[in-house]
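Written out below as structure tokens is the structure these notes cover.
Atom set for the values below is all heavy atoms of this structure, side chains included, hydrogens, waters and symmetry mates excluded.
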Amino acid sequence: MLKPDYLVEASSPDSLKELALPTLKNGTSIVTISIGGLADADFYEEVKKTASEYGTRVHIASGAVGGFDVLRTVSLMEESEVTFESTKSPRAMRNSPVYNPIIETQEHQSFEGTAVEAIALFPRQVNVSVAAALASTGPENVNVSIKTIPEFVGDNHRIEIKSQEIHAVLNIYSQTAKIAGWSIVNTLRNITSPIAF
């Protein structure tokens, strides 16, 4: 039986839910960008408990966004409010339950809800919103909105956190999904580096 130190997962939230517990129990830590699976609060708690019990860890790669350190720090300091806004091409919504033909010709607000609701509808499109939520106030508390613009290329994500003392805005545009793969490389480097970021 194989017993690697790390499993790198980049498939889907459902796959993460299927493989996380057996992998952690095998003594293997996980690096993942399919963070949406952790939006399920019961599963998230079971993953934390299992990792602790078996001396393993789950490393959440930043994917297409960053700033988890700021989100985490502000959330530890005091009560805060987090919003996550995405701008996408109509192509991203075409096979989703919220598809409306109007998005092909007009700018349209395609979705508004929590990170939990967003990942249920778009399991491959909004993992980054769940990651930001886990780093801050939790998937059930982060408001997510998705706007589509005809001819838009790439993804634009705007994360805003407000507390009594802090107001931070993270605005990240990526033309392709390459940044998600490179975030895994960065996470792996941090695991082995004597100085981590």
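- No path of Ile, Leu, Val, Met, Phe, Trp and Tyr side chains, each step under 4.5 Å between heavy atoms, connects Val116 with Ile146, placing them in separate hydrophobic clusters.
- In the hydrophobic clustering of ILVMFWY residues, with side-chain heavy atoms under 4.5 Å counting as a link, Leu170 and Ile60 come out together.
- Not one N or O on the side chain of Lys147 forms a donor-acceptor pair closer than 3.5 Å with the backbone of Ser110.
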Donor-acceptor list for residues 172-191 side chains, cut-off 3.5 Å, not counting sequence neighbours:
from: Tyr173; atom 1: OH; to: Val153; atom 2: O; distance (Å): 2.7
from: Thr176; atom 1: OG1; to: Lys178; atom 2: N; distance (Å): 3.3
from: Ser183; atom 1: OG; to: Gly63; atom 2: N; distance (Å): 2.9
from: Ser183; atom 1: OG; to: Ala180; atom 2: O; distance (Å): 2.7
from: Thr187; atom 1: OG1; to: Ser183; atom 2: O; distance (Å): 2.9
from: Asn190; atom 1: OD1; to: Phe197; atom 2: N; distance (Å): 2.9
from: Asn190; atom 1: ND2; to: Phe197; atom 2: O; distance (Å): 2.5

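- A distance-only check finds a donor-acceptor pair linking the side chain of Arg124 to the backbone of Ser11 [under 3.5 Å].
- Residues Leu121 and Ser96 form no side-chain contact, since every pair of their non-hydrogen atoms from C-beta on lies 4.5 Å or further apart.
- Under the 4.5 Å side-chain criterion, counting only non-hydrogen atoms from C-beta, Arg94 is in contact with Arg91.
- Between His59 and Tyr6, the ring planes are tilted. Angles from 30° to 60° get that label.
- Residues Val169 and Val144 fall into different hydrophobic clusters, defined by Ile, Leu, Val, Met, Phe, Trp and Tyr side chains chained together at heavy-atom separations under 4.5 Å.
- Taking 4.5 Å as the limit, every side-chain heavy atom of Glu53 sits out of range of all side-chain heavy atoms of Lys25.
- Between Gly36 and Asn127, the shortest heavy-atom contact is N-OD1, 2.6 Å.
- Between the side chains of Thr114 and Glu140, not a single donor N or O lies within less than 3.5 Å of an accepting N or O.
- Closest heavy-atom contact between Arg72 and Leu134: NH1-O, 3.4 Å.
- At a threshold of 4.5 Å between non-hydrogen side-chain atoms, the residues Leu38 and Phe43 count as touching.
- Residues Glu78 and Ile166 come closest through the heavy atom pair OE2-N, 4.0 Å.
- Counting heavy atoms from C-beta on, the side chains of Val31 and Leu7 never come closer than 4.5 Å.
- Using a 4.5 Å heavy-atom cutoff, the side chains of Met93 and Val98 are in contact.
- Put simply, the side chain of Thr28 does not reach to within 4.5 Å of the side chain of Thr56, judged on heavy atoms.
- Judged by the 6.0 Å distance and 45° axis criteria, Lys88 is not positioned over the aromatic ring of Phe152.
- By the 4.5 Å heavy-atom criterion applied to side chains, His157 and Asn171 are not counted as neighbours.
- With hydrogens and angles disregarded, a donor-acceptor distance shorter than 3.5 Å links the side chain of Asn141 to the backbone of Thr137.
- Pro150 and Glu104 get closest at one heavy-atom pair: CB-O, 3.5 Å.
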